[in-house]
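For ligands, and for the atoms within them, numbers begin at 1 and follow the listed sequence. What you see is a predicted model, and the numbers here were worked out from it, not measured in a lab.
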Amino acid sequence: MKRYFFKPGTKINLADWDPNETAEFDGGKNASKNALEKLNQELEPLQELLYAEHKHKVLVILQGMDTSGKDGVIRHVFEGVNPQGVRVASFKVPTPIELAHDYLWRVHQQTPGNGEMVIFNRSHYEDVLVVRVHELVPKSVWQKRYRQINEFERILADEGTLILKFYLHIDLDEQKRRLQARLDDSQKQWKFSVGDLKERQFWPQYTRAYEEALTRTNTSWAPWVIVPANRKWYRNLVIGTILVKALQSLKMKLPAFDGDPKEITIE
Ligand code: AMP
Ligand code: MG
């Protein structure tokens with residue numbers, strides 16, 4: 001899975017990254033179901049260990065164009081984890097109160113505490129993406145944010161947060177198919193938004209904004225992963241695999257029992 005990471009400082013051109021790729025899994029879609037189930041089963045005890053040890057904090061950031069699969073990842077990769085230790089924070093259009101503060105204010109409040117895993121469905125990156133594309137603040141303001149974001153994430157990392165950032169990479173054709181599928185299926189129509197059609201017109205601008213964000217905020221303490229996401233099954237396997245490996249690398253241990261259990265009598 002190393003191929004989906006890149007060195008800090010690398011200039012990202014998304015045209016060089018194939019959204020259809022399935023190179024790290026030979027089995028294809030049919031076999032992917034079992035593989036994902038296995039990952040789900042590995043994730044569950046790791047998350048329990050995270051919760052029990054109460055030492056590390058885990059932050060998973062999901063970004064991607066509309067329909068890129070952020071909701072799908074949350075549903076499928078995190079299936080089976082204990083809701084007590086996992087939380088999803090979704091970042092929508094800011095409220096007036098949020099807008100009255102700096103852009104990291106609402107984000108910092110949602111970051112994980114000890115033993116907790118938090119999944120960001122969108123994040124502070126919107127403040128260099130949609131905000132940049134639609135010029136919601138002047139360039140002089142959003143330009144500073146790459147550095148600010150790196151420093152913010154550095155604080156979180158220094159204070160014990162494992163940060164993983166996933167960019168779900170789909171192409172314009174795949175977005176068309178997914179939007180059409182939402183229209184065609186009465187069970188999915190609720191997800192269709194005319195606003196998404198408007199945003200689709202800005203695809204080249206979003207691509208440029210993502211390329212700059214990926215290029216300038218890929219750090220050793222908060223790395224980006226560019227996930228080929230045209231195939232949903234592959235996207236889930238990539239993220240699940242990387243997450244399980246990252247949690248294993250924390251070498252977590254159950255807290256030692258304080259005392260000798262044999263000396264305790266339960267009346
Ligand atoms: P969804 O993820 O489909 O629920 O949509 C949430 C919407 O909120 C997207 O269109 C985002 O671009 C938008 N959004 C999230 N954060 C911001 C922000 N900081 N400023 C403006 N729009 C935002
Ligand atoms: Mg949407």
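- Pro223 and Asn218 make their closest contact through CA-OD1, 3.5 Å (heavy atoms, listed as atom of the first residue, atom of the second, distance).
- Using a 4.5 Å cut-off between side-chain heavy atoms of Ile, Leu, Val, Met, Phe, Trp and Tyr, with links allowed through other members, Leu237 and Leu46 fall into the same hydrophobic cluster.
- For the side-chain contact (heavy atoms from CB on, under 4.5 Å) with Val244, the lone residue among Gln41, Lys38, Glu42 that qualifies is Glu42.
- Classified by interplanar angle (parallel below 30°, tilted 30° to 60°, perpendicular above 60°), the ring pair His134/Tyr206 is perpendicular.
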Short N or O contacts of ligand 1 with protein, under 3.5 Å, listed by atom name?
{"from": "ligand 1", "atom 1": "2 (O)", "to": "Arg122", "atom 2": "NE", "distance (Å)": "2.6"}
{"from": "ligand 1", "atom 1": "2 (O)", "to": "Arg122", "atom 2": "NH2", "distance (Å)": "3.3"}
{"from": "ligand 1", "atom 1": "4 (O)", "to": "Lys92", "atom 2": "NZ", "distance (Å)": "2.4"}
{"from": "ligand 1", "atom 1": "8 (O)", "to": "Val93", "atom 2": "N", "distance (Å)": "3.2"}
{"from": "ligand 1", "atom 1": "12 (O)", "to": "Glu126", "atom 2": "OE1", "distance (Å)": "3.1"}
{"from": "ligand 1", "atom 1": "16 (N)", "to": "Lys92", "atom 2": "O", "distance (Å)": "3.3"}
{"from": "ligand 1", "atom 1": "16 (N)", "to": "Arg106", "atom 2": "NH2", "distance (Å)": "3.1"}
{"from": "ligand 1", "atom 1": "19 (N)", "to": "Arg106", "atom 2": "NH2", "distance (Å)": "3.3"}
{"from": "ligand 1", "atom 1": "19 (N)", "to": "Asp127", "atom 2": "OD1", "distance (Å)": "3.2"}

query: So Tyr51 and Glu116, side chain to side chain donor-acceptor pair (under 3.5 Å) or not? Walk me through it.
result: CA-CA 6 Å; Tyr51 186 79; Glu116 209 184 2; over 6 Å; no
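- Using modelled atom types, one finds a donor on one side chain and an acceptor on the other under 3.5 Å when comparing Ser123 with Gln63.
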